[in-house]
Undergrad: 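Mind having a look at this structure? Questions to follow.
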Amino acid sequence: MGEDHQLLGVIAPLLSIHEQICKQQSKFDDEVRQLAKSDETTRRLMTVLGVGVVTALTFRHTIDDPSRFRSASSVGAYLGLTPRRNQSGETDINGKISRWGDRLLRTYLYEAATVLLYRTKKWSSLKAWGMKLAKRMGMRKAKVAIARKIAIVLHCIWVDGRSFDWGQAKEA
(Lines give C-alpha, C1' and ligand atoms only; values in the text may rest on other atoms or scores of the structure.)
Protein backbone atom coordinates (compact mmCIF):
# COMPACT_ATOMS: atom_id res chain seq x y z
CA MET A 1 0.00 0.00 0.00
CA GLY A 2 1.50 3.33 -1.02
CA GLU A 3 1.68 6.55 0.98
CA ASP A 4 -1.08 8.12 -1.12
CA HIS A 5 -3.63 5.28 -0.92
CA GLN A 6 -7.16 6.50 -0.22
CA LEU A 7 -7.81 3.99 2.62
CA LEU A 8 -4.61 4.83 4.49
CA GLY A 9 -6.41 7.41 6.67
CA VAL A 10 -8.85 4.75 7.90
CA ILE A 11 -6.52 1.75 8.12
CA ALA A 12 -3.56 3.42 9.88
CA PRO A 13 -5.46 4.19 13.14
CA LEU A 14 -7.00 0.70 13.12
CA LEU A 15 -3.57 -0.89 12.74
CA SER A 16 -2.28 1.24 15.62
CA ILE A 17 -5.18 0.11 17.85
CA HIS A 18 -4.59 -3.52 16.83
CA GLU A 19 -0.91 -3.22 17.74
CA GLN A 20 -1.76 -1.82 21.20
CA ILE A 21 -4.28 -4.58 21.86
CA CYS A 22 -1.75 -7.25 20.87
CA LYS A 23 0.84 -5.74 23.25
CA GLN A 24 -1.71 -5.64 26.10
CA GLN A 25 -2.79 -9.22 25.43
CA SER A 26 0.83 -10.36 25.50
CA LYS A 27 1.28 -8.57 28.82
CA PHE A 28 -1.81 -10.30 30.27
CA ASP A 29 -0.61 -13.70 29.03
CA ASP A 30 2.75 -13.16 30.73
CA GLU A 31 1.02 -12.18 34.00
CA VAL A 32 -1.17 -15.32 33.92
CA ARG A 33 1.86 -17.54 33.25
CA GLN A 34 3.75 -15.88 36.09
CA LEU A 35 0.78 -16.38 38.42
CA ALA A 36 0.69 -20.08 37.56
CA LYS A 37 4.45 -20.44 37.88
CA SER A 38 4.49 -18.84 41.33
CA ASP A 39 1.91 -21.27 42.77
CA GLU A 40 3.25 -24.75 43.59
CA THR A 41 -0.18 -26.43 43.49
CA THR A 42 -0.94 -25.02 40.05
CA ARG A 43 2.43 -26.26 38.76
CA ARG A 44 1.58 -29.77 39.99
CA LEU A 45 -1.86 -29.61 38.35
CA MET A 46 -0.19 -28.75 35.04
CA THR A 47 1.70 -32.07 35.09
CA VAL A 48 -1.52 -33.79 33.95
CA LEU A 49 -1.72 -34.38 30.21
CA GLY A 50 -3.66 -31.68 28.37
CA VAL A 51 -3.92 -29.37 31.39
CA GLY A 52 -2.29 -26.03 30.76
CA VAL A 53 -1.98 -22.76 32.62
CA VAL A 54 -5.55 -21.57 32.11
CA THR A 55 -7.17 -24.93 32.94
CA ALA A 56 -5.06 -25.38 36.08
CA LEU A 57 -5.78 -21.87 37.35
CA THR A 58 -9.48 -22.19 36.56
CA PHE A 59 -9.68 -25.54 38.39
CA ARG A 60 -7.78 -24.13 41.36
CA HIS A 61 -10.05 -21.11 41.73
CA THR A 62 -13.33 -22.88 40.95
CA ILE A 63 -12.82 -25.71 43.43
CA ASP A 64 -11.16 -23.29 45.91
CA ASP A 65 -11.04 -25.74 48.85
CA PRO A 66 -10.57 -29.42 47.98
CA SER A 67 -11.49 -30.56 51.49
CA ARG A 68 -15.16 -29.70 50.92
CA PHE A 69 -15.46 -32.84 48.77
CA ARG A 70 -15.63 -36.11 50.68
CA SER A 71 -14.32 -38.06 47.71
CA ALA A 72 -12.57 -37.13 44.50
CA SER A 73 -15.35 -38.67 42.41
CA SER A 74 -17.82 -36.07 43.69
CA VAL A 75 -15.81 -33.36 41.88
CA GLY A 76 -17.06 -34.74 38.55
CA ALA A 77 -20.65 -34.49 39.74
CA TYR A 78 -20.05 -30.97 41.08
CA LEU A 79 -18.85 -29.88 37.64
CA GLY A 80 -21.77 -31.50 35.81
CA LEU A 81 -19.76 -34.26 34.15
CA THR A 82 -21.93 -37.16 35.33
CA PRO A 83 -24.93 -38.66 33.50
CA ARG A 84 -28.35 -37.32 34.38
CA ARG A 85 -30.69 -40.01 35.73
CA ASN A 86 -34.45 -40.20 35.55
CA GLN A 87 -35.93 -42.83 37.85
CA SER A 88 -39.57 -43.63 38.39
CA GLY A 89 -40.87 -46.97 39.52
CA GLU A 90 -39.17 -49.64 37.46
CA THR A 91 -37.75 -47.29 34.84
CA ASP A 92 -34.19 -46.08 35.18
CA ILE A 93 -32.94 -43.89 32.33
CA ASN A 94 -29.39 -42.55 32.03
CA GLY A 95 -29.35 -39.38 29.98
CA LYS A 96 -26.82 -36.83 28.85
CA ILE A 97 -24.51 -35.09 31.31
CA SER A 98 -26.20 -33.00 33.96
CA ARG A 99 -24.33 -29.76 33.11
CA TRP A 100 -24.50 -28.49 36.66
CA GLY A 101 -21.60 -26.48 37.96
CA ASP A 102 -19.11 -24.20 36.29
CA ARG A 103 -19.54 -24.22 32.52
CA LEU A 104 -16.14 -22.67 31.77
CA LEU A 105 -14.19 -25.25 33.76
CA ARG A 106 -16.25 -28.06 32.22
CA THR A 107 -15.30 -26.70 28.77
CA TYR A 108 -11.62 -26.49 29.69
CA LEU A 109 -11.61 -30.06 31.00
CA TYR A 110 -13.29 -31.24 27.78
CA GLU A 111 -10.57 -29.46 25.79
CA ALA A 112 -7.92 -31.09 27.99
CA ALA A 113 -9.46 -34.47 27.18
CA THR A 114 -9.34 -33.63 23.47
CA VAL A 115 -5.67 -32.66 23.74
CA LEU A 116 -4.97 -35.88 25.63
CA LEU A 117 -6.52 -38.04 22.91
CA TYR A 118 -5.35 -36.24 19.77
CA ARG A 119 -2.24 -34.20 20.49
CA THR A 120 -0.31 -36.12 23.14
CA LYS A 121 2.20 -38.56 21.70
CA LYS A 122 3.54 -39.89 25.00
CA TRP A 123 1.88 -43.02 26.40
CA SER A 124 -0.01 -42.87 29.68
CA SER A 125 -2.53 -45.13 31.38
CA LEU A 126 -5.09 -42.30 31.19
CA LYS A 127 -4.71 -42.01 27.40
CA ALA A 128 -4.86 -45.80 26.96
CA TRP A 129 -8.05 -45.94 29.02
CA GLY A 130 -9.53 -43.09 26.95
CA MET A 131 -8.72 -44.75 23.62
CA LYS A 132 -10.36 -48.01 24.74
CA LEU A 133 -13.40 -46.06 25.85
CA ALA A 134 -13.54 -44.18 22.52
CA LYS A 135 -13.58 -47.45 20.58
CA ARG A 136 -16.37 -48.83 22.73
CA MET A 137 -18.62 -45.78 23.27
CA GLY A 138 -17.65 -43.19 20.68
CA MET A 139 -15.31 -40.25 20.84
CA ARG A 140 -17.68 -37.61 22.29
CA LYS A 141 -18.79 -39.72 25.24
CA ALA A 142 -15.21 -40.79 25.82
CA LYS A 143 -14.06 -37.17 25.97
CA VAL A 144 -16.65 -36.40 28.64
CA ALA A 145 -15.59 -39.46 30.64
CA ILE A 146 -11.93 -38.46 30.31
CA ALA A 147 -12.77 -34.89 31.36
CA ARG A 148 -14.45 -36.30 34.48
CA LYS A 149 -11.42 -38.51 35.13
CA ILE A 150 -9.06 -35.53 34.68
CA ALA A 151 -11.10 -33.59 37.27
CA ILE A 152 -10.76 -36.51 39.68
CA VAL A 153 -7.01 -36.77 39.03
CA LEU A 154 -6.57 -33.02 39.54
CA HIS A 155 -8.40 -33.20 42.85
CA CYS A 156 -6.26 -36.14 44.01
CA ILE A 157 -3.06 -34.33 42.99
CA TRP A 158 -4.17 -31.26 44.90
CA VAL A 159 -5.05 -33.19 48.07
CA ASP A 160 -2.14 -35.66 48.04
CA GLY A 161 0.56 -33.18 47.04
CA ARG A 162 1.96 -35.44 44.31
CA SER A 163 2.47 -34.97 40.58
CA PHE A 164 0.79 -36.85 37.73
CA ASP A 165 1.69 -40.54 37.45
CA TRP A 166 2.08 -41.56 33.79
CA GLY A 167 1.73 -45.27 34.60
CA GLN A 168 3.63 -48.15 33.06
CA ALA A 169 3.10 -49.25 29.48
CA LYS A 170 1.94 -52.84 29.25
CA GLU A 171 3.87 -55.14 26.93
CA ALA A 172 1.74 -56.75 24.23
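All values below come from the heavy atoms of this structure, side chains included, with hydrogens, waters and symmetry mates left out.
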Undergrad: Given the rule in the side-chain contact (heavy atoms from CB on, under 4.5 Å) test, do Phe28 and Glu31 qualify, once you have shown the distances and angles that lead to the verdict?
TA: CA-CA 5 Å; Phe28 286 149; Glu31 288 176 11; 4.0 Å; yes
Undergrad: Going only through I, L, V, M, F, W and Y residues with side-chain contacts under 4.5 Å, is there a path from Val153 to Val144?
TA: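 Val153 clusters together with Val144.
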Undergrad: Please give me the minimum heavy-atom distance between His155 and Pro66, naming the atom from each residue.
TA: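 In terms of heavy atoms, the two residues are closest at NE2-O, 3.0 Å.
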Undergrad: Give a yes or no on whether Arg119 atom CZ has more than 12 heavy-atom contacts from other residues, nucleotides or ligands under 6.0 Å away.
TA: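 No, CZ of Arg119 has 12 or fewer neighbouring heavy atoms, counting only those of other groups under 6.0 Å.
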Undergrad: So, taking the atom named CZ in Arg106 and the one named CG in Leu104, what distance separates them when rounded to the nearest 0.5 Å?
TA: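 That separation rounds to 10.0 Å.
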Undergrad: Determine whether Leu116 and Tyr118 fall in the same hydrophobic cluster, where Ile, Leu, Val, Met, Phe, Trp and Tyr are linked whenever their side-chain heavy atoms lie under 4.5 Å apart.
TA: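 Yes.
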Undergrad: Should Phe69 and Leu45 be counted in the same cluster of Ile, Leu, Val, Met, Phe, Trp and Tyr side chains packed under 4.5 Å apart?
TA: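 Hydrophobic grouping puts Phe69 with Leu45.
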Undergrad: Identify the heavy atoms of Thr58 and Val54 that sit nearest to each other, and give their distance.
TA: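 Nearest heavy atoms, Thr58 then Val54: OG1-O, 2.7 Å.
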Undergrad: Which pair of non-hydrogen atoms, one from Ile146 and one from Gly130, has the smallest distance, and what is that distance?
TA: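 That would be CD1-CA, 3.4 Å.
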Undergrad: Flag this pair as yes if the NZ/CZ of Arg68 is under 6.0 angstrom from the six-membered ring centre of Tyr78 and inside a 45 degree cone about the axis; otherwise no.
TA: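 Yes, Arg68 lies over the aromatic ring of Tyr78.
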Undergrad: Determine the minimum heavy-atom distance between Leu49 and Ser124, stating which atoms define it.
TA: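 Heavy atoms of Leu49 and Ser124 come nearest at CD1-OG, 3.0 Å.
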Undergrad: Taking all non-hydrogen atoms of both residues, which atom of Met46 and which atom of Ala56 are closest, and how far apart?
TA: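 Closest heavy-atom pair between Met46 and Ala56: CG-CB, 3.6 Å.
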Undergrad: Side-chain contact, heavy-atom cut-off 4.5 Å: Leu126 with Ile150?
TA: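 Yes - at least one pair of side-chain heavy atoms lies under 4.5 Å apart.
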Undergrad: Has Lys127 got a side-chain atom pairing as donor or acceptor with Thr120's backbone, closer than 3.5 angstrom?
TA: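 Yes; judged by distance alone, with no hydrogens or angles, the pair exists.
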Undergrad: Under 3.5 Å, side-chain donor or acceptor atoms of residues 9-27 against the rest of the protein: list the pairs with distances, not counting sequence neighbours.
TA:
none

Undergrad: Are side-chain heavy atoms of Tyr110 and Arg148 found at a separation under 4.5 Å?
TA: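 Answer no - side chains too far apart.
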Undergrad: Return the CG to CG distance between Leu109 and Leu81, rounded to the nearest 0.5 Å.
TA: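 Answer for the CG-CG pair, Leu109 versus Leu81, is 6.5 Å.
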Undergrad: Within a reach of under 6.0 Å around CZ of Arg43, are more than 12 heavy atoms found that belong to other residues, nucleotides or ligands?
TA: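 Above 12, so yes.
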Undergrad: Roughly how far apart are Leu105 CG and His61 NE2, rounded to 0.5 Å?
TA: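 These two atoms lie 12.0 Å from each other.
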Undergrad: In this structure, which one of Thr47, Ile63, Val159, Val48 forms a side chain to side chain contact (heavy atoms under 4.5 Å, CB included) with Leu154?
TA: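 The single option meeting the side chain to side chain contact (heavy atoms under 4.5 Å, CB included) with Leu154 is Val48.
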Undergrad: Could you walk me through whether Glu111 and Thr55 pass the side-chain contact (heavy atoms from CB on, under 4.5 Å) test, one step at a time?
TA: CA-CA 9 Å; Glu111 286 180 23; Thr55 305; over 6 Å; no
Undergrad: Mark yes or no for whether Arg44, through its side chain, and Ile157, through its backbone, hold a donor-acceptor pair below 3.5 Å.
TA: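 Looks like yes, one N/O pair under 3.5 Å.
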Undergrad: Mind listing the closest non-hydrogen atom pair of Ala151 and Leu79 along with its distance?
TA: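 So the two residues come closest at CB-CD1, 4.0 Å.
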Undergrad: Rounded to the nearest 0.5 Å, what separates atom CZ in Arg103 from atom OG1 in Thr62?
TA: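 Taking CZ in Arg103 and OG1 in Thr62, the distance rounds to 14.5 Å.
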Undergrad: Are Phe59 and Tyr108 side-chain neighbours, meaning at least one heavy-atom pair lies under 4.5 Å?
TA: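 Contact flag for Phe59/Tyr108 side chains = no.
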